[in-house]
Amino acid sequence: MPAKTTPTMDDAVDVRDPAAVPAEAVAPLIRGVAVLRELTEAGGTLSPSALERATRLARSTVDRITATLARMGYVRLDGRDVVLTPRLMELGNAYLAALRLPALLDARADELADELDESVSLAVADRDGIRFIHQATRRRAMSLSFRIGDLLPAERTAPGALFATEWTDADRRAWRARRAADPQDRGFPAVPPREHPWPDEEFERRAAQAALDGWALDDQLIEPGLVAVAVPVRDPHTGRIACAASVVSHTSRHTAAGLRETLLPRLRVAVADMERELRQTPAPEPGSGPSGLAIWTGASKQELGRGFVESLARGLTVLTAFGEGRAALTLTEVAKATGLARATARRALITYEHLGLVTATAHRTFTLTPRVLSLGFPALARTSLAEIATPHLADLSSRIHESASLAVLTPAGDEIQYTARVATNRVMSVNLTVGTRLPAYATSMGRVLLADLPRTRRSLGELRPLTPRTLTDPAALDRLLTEVHAQGYALVDEELEAGLRSIAVPVRDHRGRVVAALNTAMHTTRRTPAECVSDLLPELRATATAIEQDFHTADRFTRVPTA
């Protein structure tokens, strides 16, 4: 595949490695990774024609790749567009789980952000750049816009100066080559292009100073007004930098010097706590990893024929073999975890090593690199539950020929608010929109949400009879909520409005807590209550399960907004 005009660290062939593609590399896997990276850099959505232009692949090749990715659940084909889906985040999750740093350190970073009322980031080195693995941001008009997985040039960040203290001569040569090839940083979509590049010596001076000080400053290197101070978090076993913790602010709140004087001491205390966490936490037990993936890809190939690129699907499953307790795997272990033949797993690993997604260790094992996060993670890292649910609501609505909605409890707890909705085209339909609020006690979604709360935390508000059938007796409502909790659904028959019948089921987070409710509503003439339970309830539950699977994948290392 031809290289882009502007080289980037995420290109299949970049300025660090101009060598030819290895003979044993899997060409369809290289092309599939290129498609995922282009979709990521475009924010998660591109048309097949745009992918054809960006990757310089034949349209037929793009169509086969996107069909395969859609079969895997990594993209969906939405009209004329190809759209990344939350399930793709399982690849980045494999890297973050194997790394363990987010799971061990994110609570410390969040506590520091709350204490200082400033954004706090954790970043790792990615060759001559840095990549974020955790963000604890503040909600302000001017707030940090970087996402987990975003790649930044080392010389424009405080963590970059720290990581540069450990560079080898080869690392410095590669950095200078990249700078010469891309002086304006156009290969880094997460940062604005640089109009006036600094000389290499300026960053080398900053790195030397960081080595002496043990911390580094970013004084508006990325863009005017943005300042940061960073401290290294060292691996207790090797003494090398495991990640860098940064406090990020704006010059309207702190100058760079002010950050150093007022916030650096507290950051150092937090880093000491992080290093103690790394020192005291035992290594996880090796897990078994996924299984049966090769069987699945083979079955898909039989079903879809030439439209399914089996070598791409099998290659991508190799990345999911890694995870917590499986940070470094031998070829045999990768093959066993995926069910692939050793030769197939070996070719995939050779391909990934060429692409910079996997690195071989001196102990005949392989580990994932931060570059795995370039496969969709930044574009999906701030997906909301409503965005996750909407495609599933559309599928549900098309199957049952009724409207489908998602709602959450308002902060006061006595109302529901619609956060996603797909309506059907009918002469007579339920006229509700996203943002609509309704009393929780008289709605099916409200009852599902209230039923999950302890009695002491339920806020019912004023129990008014909205129709002659509205249940307003507190004791009776309490008994009904207990029944709803036990049966896992709520059916409301003409209690909110005469002629309106609805049925709802819960949507749960990975801890089992109900965070939203899913329902469908219709006129009473279309289905009886018994038909709602027999015909619609299984469809609602299947959709809730699909939403939960995507939600749990997206929410594993990021915060998915539910409201």
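- Remark: D110 pairs with R559 by the salt bridge (charged side-chain N to carboxylate O under 4.0 Å, His left out) rule, at least two apart or across chains.
- Under the side-chain hydrogen bond (donor to acceptor under 3.5 Å, both in side chains) rule, R447 has a single partner from E483, E495, H485, which is E495.
- Here D414 does not pair with R458 in a salt bridge; the nearest charged N to carboxylate O distance is not below 4.0 Å.
- D395 has no carboxylate O lying under 4.0 Å from a charged side-chain N of R399, or vice versa, which leaves the two without a salt bridge.
- Using cut-offs of 30° and 60° on the angle between ring planes, the pair F146 and F132 is parallel.
- Residues E402 and T424 bring no donor and acceptor atom of their side chains to less than 3.5 Å of each other.
- Under the side-chain hydrogen bond (donor to acceptor under 3.5 Å, both in side chains) criterion, R76 pairs with D78, sequence neighbours left out.
- Between R455 and D478, at least one side-chain N (NZ, or NE/NH1/NH2) sits under 4.0 Å from a carboxylate O, which counts as a salt bridge.
- For R501 and T528, the side-chain atoms include no donor-acceptor pair closer than 3.5 Å.
- For the pair D550 (side chain) and A389 (backbone), a donor-acceptor distance under 3.5 Å is absent.
- Side-chain N/O atoms of Q135 and S121 include a donor and acceptor closer than 3.5 Å.
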Run the numbers on T45 and V82 for side-chain contact (heavy atoms from CB on, under 4.5 Å), then give the verdict.
CA-CA 6 Å; T45 303; V82 181; over 6 Å; no
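- Salt bridge annotation for E548-R508: absent, with no cationic side-chain nitrogen under 4.0 angstrom from a carboxylate oxygen.
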